[in-house]
Amino acid sequence: MKTLIRRAKIWDASGAEPFEGDLLVVDERIQAVSRTVGQISEEGCQVIDAAGKFLMPGMTEGHGHLSFDNVTTTEDLITPPPEEHTLLTARVAKRLLDQGFTSVWGASEAKLRLGVAVRNEVDAGNLPGPRIRAGSLEITVTGGMGDESKLHNPRNGPSIVVDGPEEMRKAVRMCCREGCDNIKLDVSGDPFYPNTPAHATPMSYEEVRMAVETAHSFGRRVNAHVRSIGGIQTCVRAGVDVLFHCEFTDPETLDMLEEAKDRIFVVPTVSLFHTLLFEAEQYMPAEVAKAMGIDALLEASSKTHTELRKRGIRHAIGGDYGFAWSHNGTNARDIGFFVKYFGYSTSEALRCATSVGGAMMTMGSDEKLGELKEGYLADMILVDGDPLQDPDVLVNAENLHVIIKNGAVYKNILTA
């Protein structure tokens, strides 16, 4: 299987300026990239004439919730039966691929094997969808975010509640046994849980460390919901791989993150705050969002992640999409939010969506993903428009004329 893309404006996500050229895909890899149009032979190739179009790597959603769609309350995650919920998860996976997201890092799912089942079917070629690292259920502690029970009303939420390292070990082992790639920990609190506010850190270092040791022994990764200073420090010290949110910091915490920058990835999820404050009036009036401290979290996020950008932290995009006010499928909005709130240039923000995301997806392996270079896995999109000038062109799927994942042409509305 050979595909030759001719005369594209190639942005390879290396940090270099785009150039006009040709790109050859053979099987699942990029075999050649030429800055001289016509230099690569067309023999045996499907040829795509990309004149005037922008060729870039496929994007990675760094905080994926494939089983979340139009969610307004936790009940929307608990209530659907697993059969219907699996179909919903498959639909969201296809939607993300349609929107140019050729990879998804699963943060967590509403039921343990939703991401696993859809990942397996996508990998087998039975369903359309991106590369998926399947997220587990959230693992929390008694009283932590995700613990939906009260003494008078015990109930199961979209989480596993543990207390102590040994219960953590068993929960992580179960998630690994069931096929999850990523283990999700709720280390800190959250504004949606008033008894466990965002600055609280209910999960102990010993519990987090046990989760990391157990997951890594299975060859899996650990990501953490963490907003608090204490939680961030715990995650860095315990060896967590991917940190979500990270709004509250101090000089010591910033230094710790910088010291670990070659090992960790950070996903700010700023779009959740933006949409709650400015676009969710029918679901949550802005006054309510402010009373919950969402404006303070947005301010803290902007300050923290601007500083982390300056310190060279690897930021991936991913905005906790899947809620009624921030739909799965609009995930590329994060690129503009990275420019607006964190001071990234458009090119740098696009690298967070591609090169950084690809490195996150392949951490611990010899595979290379997220750039248009020889030997890299062939995930790419051909755009009608210039995302360097207007990143919002990526939000509209109609602007994506070609989508290639793992060397296979998924979408092509052009002719040779």
Side-chain angles (χ1 to χ4, degrees), residues 1-5 8-15 18 21-33 45-46 48 50 53-64 66 92-106 118-119 122-125 127-134 181 265 314 316-318 329 331-332 334-335 349-384 387 391 394 397 399-414:
M1 180 172 59
K2 298 170 68 176
T3 303
L4 178 60
I5 301 174
K9 181 178 181 180
I10 299 174
W11 182 78
D12 63 12
S14 68
D22 297 344
L23 184 147
L24 176 64
V25 174
V26 177
D27 297 327
E28 76 276 10
R29 298 191 183 277
I30 299 170
Q31 185 175 92
V33 181
C45 295
Q46 174 187 2
I48 297 173
K53 305 295 189 296
F54 188 96
L55 185 66
M56 60 177 279
M59 294 178 284
T60 294
E61 165 56 53
H63 187 140
L66 294 175
V92 172
K94 179 183 183 300
R95 189 187 310 157
L96 287 178
L97 182 58
D98 289 339
Q99 294 291 150
F101 284 84
T102 51
S103 294
V104 171
W105 179 280
V118 172
R119 176 204 66 200
V122 169
D123 288 351
L127 291 174
R131 300 176 188 272
I132 298 170
R133 284 191 59 91
D181 298 304
F265 293 85
R314 293 182 294 182
I317 69 166
N331 311 55
D334 259 36
I335 298 165
L350 281 170
R351 292 195 73 235
C352 294
T354 53
S355 178
V356 176
M360 192 166 96
M361 288 290 294
T362 57
M363 74 165 88
S365 78
D366 294 328
E367 290 289 6
K368 294 182 178 180
L369 178 69
E371 298 185 17
L372 299 184
K373 293 182 178 179
E374 294 176 6
Y376 275 60
L377 292 167
D379 288 9
M380 62 197 73
I381 56 178
L382 187 66
V383 185
D384 184 19
L394 296 170
N399 295 325
L400 309 183
H401 285 191
V402 176
I403 299 173
I404 296 175
K405 183 200 122 185
N406 204 40
V409 179
Y410 169 69
K411 176 184 178 181
N412 177 17
I413 67 170
L414 302 177

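Heavy atoms only: backbone and side chains are in, while hydrogens, waters and symmetry mates are out. Starting from 1, each residue takes its place in the sequence as its number.
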To the nearest 0.5 Å, tell me how far Leu382 CG sits from Ile404 CD1. 8.0 Å
Ignoring hydrogens, what is the shortest heavy-atom contact between Leu23 and Val25? Give both atom names and the distance. CD2-CG2, 3.6 Å
Closest non-hydrogen atoms of Thr354 and Gly58, given as atom of the first, atom of the second and distance, are CG2-O, 3.8 Å
Report the residue from Thr102, Ile5, Thr3, Ile10 that forms a side chain to side chain contact (heavy atoms under 4.5 Å, CB included) with Met380. Ile5
Indicate yes or no: at least one non-hydrogen side-chain atom of Met361 is less than 4.5 angstrom from one of Phe265. no
If you round to the nearest 0.5 Å, how far is CG of Asn412 from CD1 of Ile48? 4.5 Å
Report yes or no: does Arg133 contribute a side-chain atom to a donor-acceptor pair with the main-chain N or O of Gly106 at less than 3.5 Å? no
Nearest 0.5 Å, what's the NZ-CD distance between Lys2 and Gln46? 12.5 Å
Using atom types as modelled and distance alone, determine if a side-chain donor or acceptor of Asn399 lies under 3.5 Å from a backbone N or O of Ala397. no
Measuring from atom CD of Glu28 to atom NZ of Lys405, what distance do you get when rounded to the nearest 0.5 angstrom? 12.5 Å
With side-chain contact (heavy atoms from CB on, under 4.5 Å) as the test, would you mind laying out the steps for Ile317 and Asn331 before giving the verdict? CA-CA 8 Å; Ile317 69 166; Asn331 311 55; 5.8 Å; no
Could you tell me which non-hydrogen atom of Thr60 sits nearest to which non-hydrogen atom of Phe101, and how far apart they are? C-CD2, 3.7 Å
Can you tell me if Arg95 uses its side chain to pair, donor with acceptor, with the backbone of Gly329 under 3.5 Å? no
For Met363 and Trp105, work out which heavy atoms get closest and say how close. CE-CH2, 3.8 Å
Any non-hydrogen side-chain atom of Met59 less than 4.5 Å from a side-chain atom of Ile381? yes
Take Leu377 and Arg131 through the test side-chain contact (heavy atoms from CB on, under 4.5 Å) and record every step on the way to the result. CA-CA 11 Å; Leu377 292 167; Arg131 300 176 188 272; 3.6 Å; yes
Are any side-chain N or O atoms of Lys411 and backbone N or O atoms of Leu400, one a donor and one an acceptor, separated by less than 3.5 Å? yes
Lys53 and His401: side-chain contact (heavy atoms from CB on, under 4.5 Å), yes or no, with the steps? CA-CA 9 Å; Lys53 305 295 189 296; His401 285 191; 3.3 Å; yes
Pair Leu350-Leu394, side-chain contact (heavy atoms from CB on, under 4.5 Å): steps then yes or no: CA-CA 10 Å; Leu350 281 170; Leu394 296 170; 3.7 Å; yes
Side chains of Leu24 and Val26 in contact at under 4.5 Å (non-hydrogen atoms): yes
Distance check, rounded to the nearest 0.5 Å: Met360 atom CE versus Arg314 atom CZ? 10.0 Å
Taking C-beta and beyond as the side chain, do Ser103 and Leu369 meet within less than 4.5 Å on heavy atoms? yes
Could you tell me which non-hydrogen atom of Pro57 sits nearest to which non-hydrogen atom of Asp12, and how far apart they are? CG-O, 4.2 Å
Testing the basics here: between Asp379 and Asn406, what is the closest heavy-atom pair and its distance to 0.1 Å? OD1-N, 2.6 Å
Begin with the C-alpha distance, continue with both residues' side-chain angles, and end with the deciding distance and a verdict on salt bridge (Lys or Arg N to Asp or Glu O under 4.0 Å) for Glu367 and Arg29. CA-CA 10 Å; Glu367 290 289 6; Arg29 298 191 183 277; 2.9 Å; yes
Rounded to the nearest 0.5 Å, what's the gap from CD on Glu61 to CG on Asp334? Could you check? 7.0 Å
Quick check against the 3.5 Å criterion: does Thr362 have a side-chain atom that pairs as donor or acceptor with the backbone of Gly358? yes
